[in-house]
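Proteins come first, then strands; the chains are lettered A, B, ... in the order of their sequence lines, and each starts at number 1.
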Amino acid sequence: MASRYDDVMSLSVRRGFLWPAVDLYGGFSGFYDYGHLGARLKRKWEDLWTAHFLGLGDNYYLIDTTTILPEVSLKASGHVDHFTDILVTCTKCKESFRGDHLIEAVTHEEAEGLTTAEVDAKIRDLKIRCPKCKGELGPSRPFNMMFPVGVGPLGQDRAYLRPETAQGVFLNFKREFEALRRRLPMGLAIVGRAYRNEISPRQGAYRMREFLQAELQIFFDPATFGTTLPVDSVKGESLRVARGAEKHAPTANERTVADLIRDGLPAFYVYHMVLVQRFYLDRLRVPRERFRFAELDERERAFYNKVHFDVQVAQDSLGGFKEVGGVHYRTDHDLSGHALASGKDLSVPVADRKVLPHVLELSFGVDRNVWALLDLGYEVAGDRSVLHLPPSLAPVVVGLFPLLSKQGMPERAEALYRDLRPGFDAFYDETGSIGKRYARMDEVGTPYCVTVDHTTLGDGTVTLRERDTMGQVRVPGTSLAAILRDLLDGRREFRALGSPVSRP
RNA sequence: GCGGGCGUAGUCUAGUGGUAGAACAGGAGCUUCCCAAGCUCCUAGCACGGGUUCGAUUCCCGUCGCCCGCACCA
């Protein structure tokens, strides 16, 4: 019995969205490659994300930074120390545990950051045994989630593949602040790869060792940011949130912006939650009930976050609400860390004061979002399978077919294809029956199909078919480009295009 | 990493100690023509490595990978 996950993965592999990397040699756990449709879908998601989030501010820009970072910079960010877990394995039942957690459970004191020798000593002194089988615990060993890289001919310069794109922004903060003429708020975004040596990659594109992040870091003056935003204009807007323990249930509560601010969340933070929710509901067309913000408590949050809500989308292939992004209030953690370690003052002048800017991070996993689109969009009903992608994200926007492979119809259809090709992701097909061609387009999410038929030969009109409704209208072939552009940009509705063509 | 299950064309699968069939998909052709029609032909597979054996896709071991549970998840 194939699961929902298998169905989505099968579609992805068959049609060219994504599949396991290096599968010629049996695969490479935690790594996935994108095929021709997946790469285009991913690129369109990135473009949409970039347009939406850079549009949130006049001083928001995209930058691009290295994926390899020297140890000193990641030491300053806290990743060298905090991204390392000390693991202890039971010699009897082979179960592994985090050393600091074992010690904290007994002493109720913070034990994170201890060395392996210290953990071993504590375990011995406190006579800690395996919590599961009471067996004897083996020696502890460090495990860092970052991939080490030896730079230089002898590999003598210790470095790591970046575990998040954000550090590239912080390292370039001072340069950009000058280049952008010293203005706050300033937004710097990176869409790029990041790497984590996950112990156990799972669930396809959900937990990967190499993945693509889209992150926007907004630098601001904590004293004034909330008051400079049009928070009042969204006060009545409702957000879907699960706070504290609520996230363990597959639901969310509708809470107004005003409510959340009254509960103590910073106004600027809630304001940006609204903008993120709009991106998912309005732009990505995620059904409202499948979207929510899930709050992480102190124990679950990363070491640098003061307020943290996951952005989650409910996906049947992954068993419910799963993280696709996050809204993180990182305070001045990063800039102060880099200021301390580099010896450079990263505070900036604001009016007559010096301010170390705070950071609000809007962070998204691109691969997770692409998978969510496939999961949400894929529908199998009887013998028809349809991928309901938002038209603006569909890797193929329009299919062009001749009804018959004769009477000059292929030439007419191909001419239309040539006309549209420069401006649209168009696809021409004359093989098989017309129904089969529609079916193929439906399955890869193509929102519109155009067919040249007998009537076309007389008056130049063609049929335009909409994927989701299978409805057809007749439009002039010469207007196709303009009509498609309007449909994709949301300026026109398909049903408003004209009277439907009836079919037998 | 531990435990369990699994690995046969692109996909989904049948099957055997004597090297494999089907369906769907794909290609060519005929025919038909507005929602995966039909017919003919074709392409294509036992994850990888080792062992046992006259002979291994099948049995055994290892590796890799996938799924589930545990742990982990800045």
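Looking at A/D453, its side chain does come within 3.5 Å of a backbone N or O of A/T456 through a donor-acceptor pair. Distance alone, capped at 3.5 Å, places no donor-acceptor pair between the A/R162 side chain and the A/L69 backbone. Remark: the backbone N or O of A/G325 is not paired with any side-chain donor or acceptor of A/R368 at under 3.5 angstrom. Formation of a donor-acceptor pair under 3.5 Å by the A/D310 side chain with backbone atoms of A/Q312 is not found in this model.
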Could you list the protein-to-nucleotides 61-67 of chain B atom pairs, N/O on both sides, closer than 3.5 Å?
from	atom 1	to	atom 2	distance (Å)
B/rG65	OP1	A/S29	N	3.3
B/rG65	O4'	A/G26	O	3.0
B/rC66	OP2	A/S29	OG	3.0
B/rC67	OP1	A/Y5	OH	3.0
B/rC67	OP1	A/Q203	N	3.3
B/rC67	OP1	A/G204	N	3.4

Hey, what are the protein-to-nucleotides 37-40 of chain B N/O distances that come in under 3.5 Å?
from	atom 1	to	atom 2	distance (Å)
B/rA37	OP2	A/S433	OG	2.7

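With C1' as the reference atom, B/rG7 and B/rU63 are 13 Å apart, rounded to whole Å. When the P atom is used for both B/rC2 and B/rC54, the distance is 36 Å, rounded to whole Å. The P atoms of B/rA22 and B/rG29 are separated by 24 Å, rounded to the nearest whole Å. The same atom, C1', is picked in B/rG26 and in B/rG45; the two are 15 Å apart, to the nearest Å. To the nearest whole angstrom, the two P atoms, one in B/rA44 and one in B/rG27, are 16 Å apart. For the C1' atom pair drawn from B/rA14 and B/rG51, the interatomic distance equals 28 Å after rounding to whole Å. Remark: the separation of the C1' atoms in B/rG18 and B/rC72 is 49 Å, to the nearest Å. Across the C1' atoms, B/rC12 and B/rC66 are found 16 Å apart, a figure rounded to whole Å.
A tilted orientation is assigned to the rings of A/F83 and A/H79, their planes being inclined by 30° to 60°. In this structure, A/H338 and A/F170 have tilted ring planes: the angle between them lies in the 30° to 60° band.
Among residues two or more places apart in sequence or in another chain, the side chain to side chain contact (heavy atoms under 4.5 Å, CB included) test is passed with A/N305 by A/R301, A/A302, A/H308, A/H328, A/R330.
Atom CG of A/D468 is separated from atom C1' of B/rC35 by 15 Å (rounded to the nearest Å). The distance from atom CG of A/L11 to atom P of B/rA25 is 15 Å, rounded to the nearest whole Å. The distance between atom CG of A/D33 and atom P of B/rG10, rounded to the nearest whole Å, is 17 Å. Computed from coordinates, the A/L404 CG to B/rC33 P distance equals 7 Å when rounded to whole Å. Taking atom CZ of A/R14 as the reference point, atom C1' of B/rA44 lies 17 Å away to the nearest angstrom. Residue A/D442 contributes atom CG, which lies 13 Å from atom C1' of B/rC34 at whole-angstrom precision. Residue A/F401 contributes atom CZ, which lies 13 Å from atom P of B/rA36 at whole-angstrom precision. Per the geometry, OH belonging to A/Y206 stands 17 Å off C1' belonging to B/rC68, to the nearest Å.
Mapping A/L296 and A/R384 onto RNA chain B by nearest heavy atom places A/R384 at the nucleotide closer to the 5' end. When each of A/E361 and A/V13 is assigned the nucleotide of RNA chain B bearing its nearest heavy atom, the one mapping closer to the 5' terminus is A/V13.
Looking at A/R465, its side chain has no donor and acceptor atom pair within 3.5 Å of the base of B/rC34.
A centroid separation of 6.0 Å or more is found between the aromatic rings of A/W371 and A/F17. Between A/Y280 and A/F291, the ring centre distance stays below 6.0 Å. Between A/F364 and A/F53, the ring center distance clears the sub-6.0 Å criterion.
Within the structure, side-chain hydrogen bond (donor to acceptor under 3.5 Å, both in side chains) contacts touching residues 429-441 of chain A (residues at least two apart or in different chains) are A/Y428-A/E430, A/D429-A/T431, A/D429-A/R440, A/T431-A/R440, A/Y438-A/T451, A/Y438-A/Q472.
A/R437 comes within 4.0 angstrom of no nucleic acid atom, judged by non-hydrogen atoms across all strands.
RNA chain B lies under 4.0 Å from at least one heavy atom of each of the following residues of residues 451-462 of chain A: A/T451, A/D453.
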Pairs counted as Watson-Crick or G-U wobble with both distances under 3.5 Å: what dot-bracket string results for RNA chain B, using | for bases tied to another strand?
(((((((..((.(....[..).)).(((((.......)))))....(((((..]....))))))))))))....
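A close approach under 4.0 Å does not occur between any side-chain nitrogen or oxygen of A/R15 and OP1 or OP2 of B/rG10.
For the pair A/Y195 and A/M146, the minimum side-chain heavy-atom distance is 4.5 Å or more. Between A/V475 and A/L480 the shortest side-chain heavy-atom distance falls below 4.5 Å.
A/R193 and A/T67 share no side-chain donor-acceptor pair at under 3.5 Å. Of the N and O atoms on the side chains of A/D7 and A/S10, not one donor lies less than 3.5 Å from an acceptor on the other residue.
Atom CZ of A/R158 has 12 or fewer heavy atoms from other residues, nucleotides or ligands within 6.0 Å.
When the nucleotides B/rC35, B/rG1, B/rA36 are ranked by their closest atom to the side chain of A/I199, B/rG1 comes out on top. Listed nucleotides B/rC12, B/rG26, B/rG1 differ in distance to A/S200; the shortest reach to its side chain belongs to B/rG1.
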